[in-house]
Amino acid sequence: MSDLLKFSVPGKPEYVSMVRMAVSCIANNAGFDVEAIEDIKVAVSEACTNALCHGTRQAGCYEVFCELEAGRISISVVDQAGGYDVNAYRAPELDCPREGGLGIYIIKALMDEVAIVTELGVGTQIKMVKYCNCR
């Protein structure tokens with residue numbers, strides 16, 4: 001059995017920190033340790049920032065879904081702004097970093113599972129999973 005929480009978030013930068021705090025409270029209540037919660041917070045911030053920068057042009061808002069199951073949290077950030085060509089994504093050059101372009105790389109480094117589903121003309125979903133040995 002799982003619990004699902006849903007947030008509809010206006011496409012404004014000031015709401016990213018609110019989503020980050022809400023998700024960290026959910027993870028804390030589920031028994032995640034401080035290090036895992038910090039990883040989750042950063043990953044959620046990156047995913048929300050991506051939705052904000054690339055995914056709210058048409059819809060004006062994006063959705064965040066948090067699903068709690070025994071020993072794991074699954075967080076999806078979903079926008080409805082047309083998607084993108086996944087073949088055009090290039091991993092960042094870490095020896096010569098540029099501003100921007102690190103969000104997906106950071107999310108994949110911090111979370112245990114990451115899936116990106118995007119459809120041109122529809123939108124993008126970033127699904128992130130973190131496991132724990134919860135109390």
Side-chain angles (χ1 to χ4, degrees):
M1 180 126 190
S2 65
D3 293 331
L4 179 65
L5 294 96
K6 304 176 191 179
F7 305 94
S8 181
V9 185
K12 297 179 180 177
E14 58 266 29
Y15 291 105
V16 172
S17 63
M18 290 181 185
V19 173
R20 178 181 161 113
M21 288 182 64
V23 173
S24 70
C25 288
I26 293 166
N28 183 55
N29 287 339
F32 283 81
D33 63 32
V34 172
E35 184 177 329
I37 291 169
E38 290 302 315
D39 289 350
I40 291 166
K41 285 167 50 177
V42 172
V44 166
S45 293
E46 291 294 334
C48 289
T49 300
N50 279 355
L52 185 63
C53 292
H54 307 294
T56 59
R57 290 184 302 273
Q58 295 152 345
C61 66
Y62 58 96
E63 310 293 326
V64 178
F65 301 87
C66 295
E67 185 175 12
L68 286 171
E69 296 177 275
R72 77 181 231 158
I73 188 170
S74 175
I75 304 152
S76 295
V77 177
V78 182
D79 70 62
Q80 311 274 308
Y84 68 95
D85 179 5
V86 269
N87 296 320
Y89 173 76
R90 299 288 176 247
E93 295 180 33
L94 299 178
D95 57 339
C96 185
R98 59 181 172 79
E99 186 174 337
L102 292 174
I104 299 299
Y105 178 83
I106 291 169
I107 293 167
K108 287 181 176 181
L110 296 175
M111 300 300 281
D112 296 320
E113 294 176 21
V114 177
I116 301 169
V117 178
T118 186
E119 186 177 343
L120 284 172
V122 178
T124 302
Q125 173 184 0
I126 299 175
K127 182 176 182 180
M128 307 164 280
V129 176
K130 190 75 161 175
Y131 295 96
C132 81
N133 298 323
C134 299
R135 47 183 183 254

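Excluded from the calculations below are hydrogen atoms, water molecules and symmetry mates; all remaining heavy atoms, backbone and side chain alike, are included.
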Which donor-acceptor pairs under 3.5 Å do side chains of residues 34-41 form with protein atoms, sequence neighbours excluded?
unit_1 : atom_1 : unit_2 : atom_2 : d
Glu38  : OE2    : Lys41  : NZ     : 3.2
Asp39  : OD2    : Lys130 : NZ     : 3.3

Using the rule that two of Ile, Leu, Val, Met, Phe, Trp, Tyr join whenever any of their side-chain heavy atoms come within less than 4.5 Å, decide whether [X] and [Y] are in one cluster.
| X | Y | answer |
| --- | --- | --- |
| Leu110 | Leu102 | yes |
| Met18 | Met128 | yes |
| Phe32 | Phe65 | no |

> When rounded to the nearest 0.5 angstrom, what is the spacing between CD in Gln80 and CD in Glu119?
Replying inline: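 Between atom CD of Gln80 and atom CD of Glu119 there are 10.5 Å.
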
I'd like to check [X] versus [Y] (side-chain heavy atoms, cut-off strictly below 4.5 Å). Are they in contact?
| X | Y | result |
| --- | --- | --- |
| Asn50 | Ile126 | yes |
| Ser76 | Val64 | no |
| Tyr62 | Val78 | no |

> For Ser74, which residues count as a side-chain hydrogen bond (donor to acceptor under 3.5 Å, both in side chains) partner, sequence neighbours excluded?
Replying inline: none

> Tracing side-chain links under 4.5 Å among I, L, V, M, F, W and Y, which residues wind up in one group with Val129?
Replying inline: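 Via sub-4.5 Å side-chain contacts, Val129 links to Tyr131.
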
>> side chain to side chain contact (heavy atoms under 4.5 Å, CB included), that's the test. Do Thr124 and Val117 meet it? Break it down for me.
In response: CA-CA 6 Å; Thr124 302; Val117 178; over 6 Å; no

> Given Val42 and Ile107, is the side chain to side chain contact (heavy atoms under 4.5 Å, CB included) satisfied, shown in steps?
Replying inline: CA-CA 8 Å; Val42 172; Ile107 293 167; over 6 Å; no

> When you look at Ser24 and Asn28, which way does the side chain to side chain contact (heavy atoms under 4.5 Å, CB included) test go after all the steps?
Replying inline: CA-CA 6 Å; Ser24 70; Asn28 183 55; over 6 Å; no

Ignoring hydrogens and angles, write down the donor-acceptor pairs under 3.5 Å from the side chains of residues 2-15, residues two or more places apart or on other chains.
unit_1 : atom_1 : unit_2 : atom_2 : d
Ser2   : OG     : Glu67  : OE2    : 2.9
Ser8   : OG     : Glu63  : OE2    : 3.3

> With sequence neighbours left out, what residues match Ser45 under side-chain contact (heavy atoms from CB on, under 4.5 Å)?
Replying inline: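 Partners of Ser45 under the side-chain contact (heavy atoms from CB on, under 4.5 Å) test: Val16, Arg20.
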
>> Checking Ser17 now: which residues fulfil side-chain contact (heavy atoms from CB on, under 4.5 Å) with it, not counting sequence neighbours?
In response: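 If we apply the side-chain contact (heavy atoms from CB on, under 4.5 Å) test to Ser17, skipping adjacent residues, there are no hits.
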
